[in-house]
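Here's the structure, in structure tokens; my notes come after.
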Protein chains: 2
Amino acid sequence: MNGRNGRTVSIPTIRDVASHAGVSVATVSRVVNNSLHKVHPATRQRVLRSVHRLSYHPNVMAQGLRRGTSHSIALIVPDISNPFYPAIARGAEDVARQHGYVLVLGNTDGDPGRERAYLDILRKRWVDGVLFASAGGDDRHLRALRASGVPAVLIARDVAAGAVDTVLVDSYAGMRQATSHLLRLGHRRIAYIGGPHSLSVARERLRGYRQALRDFSVPPDPSLITSGDFRVDGGRAAIRRLMERRRLFTAVVAANDLTAIGAMEALRSAGRGIPDDVAVVGFDDIPFAAFVDPPLTTVAQPTYRLGALAMERLLALMREEAATTRRIMLQPQLVVRRSCGAYLLAGPTS
Amino acid sequence: MNGRNGRTVSIPTIRDVASHAGVSVATVSRVVNNSLHKVHPATRQRVLRSVHRLSYHPNVMAQGLRRGTSHSIALIVPDISNPFYPAIARGAEDVARQHGYVLVLGNTDGDPGRERAYLDILRKRWVDGVLFASAGGDDRHLRALRASGVPAVLIARDVAAGAVDTVLVDSYAGMRQATSHLLRLGHRRIAYIGGPHSLSVARERLRGYRQALRDFSVPPDPSLITSGDFRVDGGRAAIRRLMERRRLFTAVVAANDLTAIGAMEALRSAGRGIPDDVAVVGFDDIPFAAFVDPPLTTVAQPTYRLGALAMERLLALMREEAATTRRIMLQPQLVVRRSCGAYLLAGPTS
DNA sequence: TTGTACGCGTTATCAG
DNA sequence: CTGATAACGCGTACAA
């Protein structure tokens with residue numbers, strides 16, 4: 001009887017192995033843990049054979065109780081069904097699994113209360129580390145996390161307080177790259193539809209747009225800079241505003257993909273061609289730019305790598321190889337799907 | 001010292017609470033576990049106060065070791081970055097969290113070896129239950145799982161052997177509904193682009209198409225029934241084949257969204273209008289039908305509910321309320337985004 | 001109604 | 001090199 005559902009499958013313990021091999025539990029433990037403690041090769045073989053014979057696996061719970069470790073790592077995101085996160089989760093899980101850890105997934109909807117609650121739960125569960133995609137710029141939870149001593153890596157979001165490891169995508173560089181592409185194609189009057197100013201990614205993207213103009217010595221026209229809400233409606237509304245005010249532009253840069261889709265829609269229904277007439281650029285966080293019509297050139301974010309790298313960093317932290325806290329910036333990449341100059345780029349939009 | 005990273009935050013144990021409240025550990029245990037064992041109201045209050053005062057939380061590891069339970073549930077999917085799964089994960093996690101469980105996420109890429117390996121890991125970890133989205137029709141792992149006594153619920157896939165609880169979306173009904181809609185609009189020559197015959201969902205969808213024709217007394221034309229690969233290319237190729245052979249049709253039903261997109265593309269580049277000329281129907285598993293141009297009417301799968309329901313069923317199973325193994329079929333819903341008769345429907349495509 | 005003491009399976013310390 | 005044994009924190013017979 002092992003307490004599992006009435007089934008009476010007797011799972012072998014370290015003691016079973018010990019008696020089967022005719023040694024003590026201590027020796028078995030030393031063997032299975034590759035302890036630096038010397039153990040006679042012959043004995044080791046005997047033990048190993050018994051382990052295999054009984055198909056013994058150490059009880060993770062007991063190990064955890066003893067070592068204060070659970071061999072599990074949490075990934076906390078606002079919402080896994082937001083298309084920005086699944087690839088991150090996949091990257092993180094792949095690396096975790098390779099290192100013998102399992103991934104615990106938590107959704108917070110970006111609600112600070114739920115974020116805090118989850119962090120509490122994880123502490124209770126002796127999670128060995130946390131990958132945290134916070135929603136807001138609020139860093140109090142991080143402080144708490146830090147204080148509790150659980151290694152943590154922040155992903156996809158920037159936080160003012162620099163005392164925590166971070167892995168994110170370079171919004172600034174991405175948008176600079178996208179805007180430069182339009183400029184190289186000859187566009188000079190490029191409208192910008194940004195995101196909410198409260199989000200650092202939105203601010204960074206705008207900065208990238210501005211820098212690109214500067215690079216090409218094009219004076220920025222404030223009347224072409226408007227902002228949306230990272231949703232389709234925002235893009236639609238922004239274009240309508242621009243057209244009502246009779247602004248002239250030959251291209252549009254949108255702060256994310258949904259905004260770009262809204263913009264394209266509004267442009268089209270106003271009778272302007274895409275992309276013969278107007279080039280649209282967005283910053284996409286949803287991997288479906290290829291299926292939009294017309295298919296959009298995309299500055300894709302390396303979300304899988306982001307997850308994988310963050311996990312690797314976290315593991316390093318857990319091994320105490322964390323000499324100093326780092327801030328890792330991944331570069332998004334321009335994926336040209338058509339030559340005419342319409343794009344999408346990507347970033348979390350919640 | 002609690003073994004966590006050298007931090008010396010002393011986490012209170014049940015003994016701390018006991019001494020703080022001036023009672024024995026047994027009493028504390030009885031209180032925090034709402035044991036049926038009688039305990040004096042006054043004593044209970046004292047204990048509760050101490051618990052709160054010290055912010056005591058039972059050590060999950062120790063509980064687990066003692067009770068053979070981990071308060072965690074695994075969700076095993078082929079690939080979380082396949083857009084069909086994130087909403088399922090979200091639904092499952094929401095329900096799990098409400099019941100005090102955490103969700104462990106695993107990706108198998110549909111590889112039987114990896115599926116098996118993961119199931120092994122989970123057994124070792126004393127996971128309390130498993131939500132399993134197998135890739136193939138292979139049910140050996142399920143047998144193994146079943147044999148190990150871990151409660152399990154199969155999701156999104158059908159499996160021949162009926163001895164396991166299953167929650168899935170009714171592919172047959174969905175496709176019948178979609179096809180009927182086209183028939184009601186007056187279409188009679190409706191091409192069908194199916195999925196790989198090895199997948200039961202593909203077979204079910206074809207069956208739904210056929211039934212709809214029968215419902216309307218339209219004799220099925222075998223030359224209009226072709227098959228794809230659940231990818232964009234398959235849809236494209238299928239349409240080209242049909243047109244090369246000069247088949248006449250006024251509508252297309254595709255077995256999934258990507259196929260439908262390919263079909264639309266091929267139709268358009270052949271100079272046929274969408275949807276004025278041809279109505280396209282797919283079965284979509286990727287929630288972006290709204291962003292395709294023209295936006296597609298969709299028979300959407302209730303993936304969130306699928307995850308939530310499966311988790312609820314699993315919890316019932318774990319509470320041994322599983323009188324008999326059940327097979328729960330969720331109905332997909334037609335979401336009409338345009339009146340003209342172009343659609344997408346959804347299902348897992350891996 | 002409350003308390004004592006054992007065991008869950010491991011690991012680490014200390015003697016041999 | 002090996003073995004006995006004391007924790008780790010909790011739940012629960014059993015005794016009081």
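Just so we're on the same page: letters track the sequence lines, and every chain starts at 1. Note: hydrogens, waters and symmetry copies are ignored here, and every other heavy atom, side chains too, is used.
- Counting all heavy atoms, side chain and backbone alike, Tyr56(A) lies closest to Thr13(A) at CE1-C, 3.6 Å.
- In this structure, Gln63(B) places its CD atom 5 Å from P of dG11(D), rounding to the nearest Å.
- Shown are Asn34(B), Val31(B), Val23(B); of these, the side-chain contact (heavy atoms from CB on, under 4.5 Å) with Val39(B) is made only by Val31(B).
- With DNA chain D read from its 5' end, the first of the two nearest nucleotides for Ser35(B) and Pro41(A) is the one closest to Pro41(A).
- The shortest side-chain heavy-atom distance between Pro78(A) and Asp109(A) does not fall under the 4.5 Å cut-off.
- With respect to Arg326(A) and Asp165(A), no salt bridge is recorded, no charged nitrogen being found less than 4.0 Å from a carboxylate O.
- With DNA chain C read from its 5' end, the first of the two nearest nucleotides for His57(A) and Val39(B) is the one closest to Val39(B).
- At a cut-off of 3.5 Å, with distance as the only test, no side-chain donor of Ser35(B) or Asn33(B) sits close to an acceptor on the other residue.
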Give me, pair by pair, the N or O atoms of the protein and of nucleotides 12-16 of chain C that are less than 3.5 Å apart, along with how far apart they are.
from, atom 1, to, atom 2, distance (Å)
dA12(C), O4', Arg66(A), NH2, 3.4

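- In this structure, Met61(A) atom CE and dT11(C) atom C1' are separated by 17 Å, rounded to whole Å.
- Each of Ser24(B) and Ile14(A) was assigned the nucleotide of DNA chain C with the nearest heavy atom; the assignment lying further toward the 5' end belongs to Ser24(B).
- Ion pair Asp120(A)/Arg116(A) not flagged as a salt bridge, since none of the NZ, NE, NH1 or NH2 atoms sits closer than 4.0 Å to an Asp/Glu carboxylate oxygen.
- Look at CG on Leu65(B): it is 17 Å from P on dC6(C), rounded to the nearest Å.
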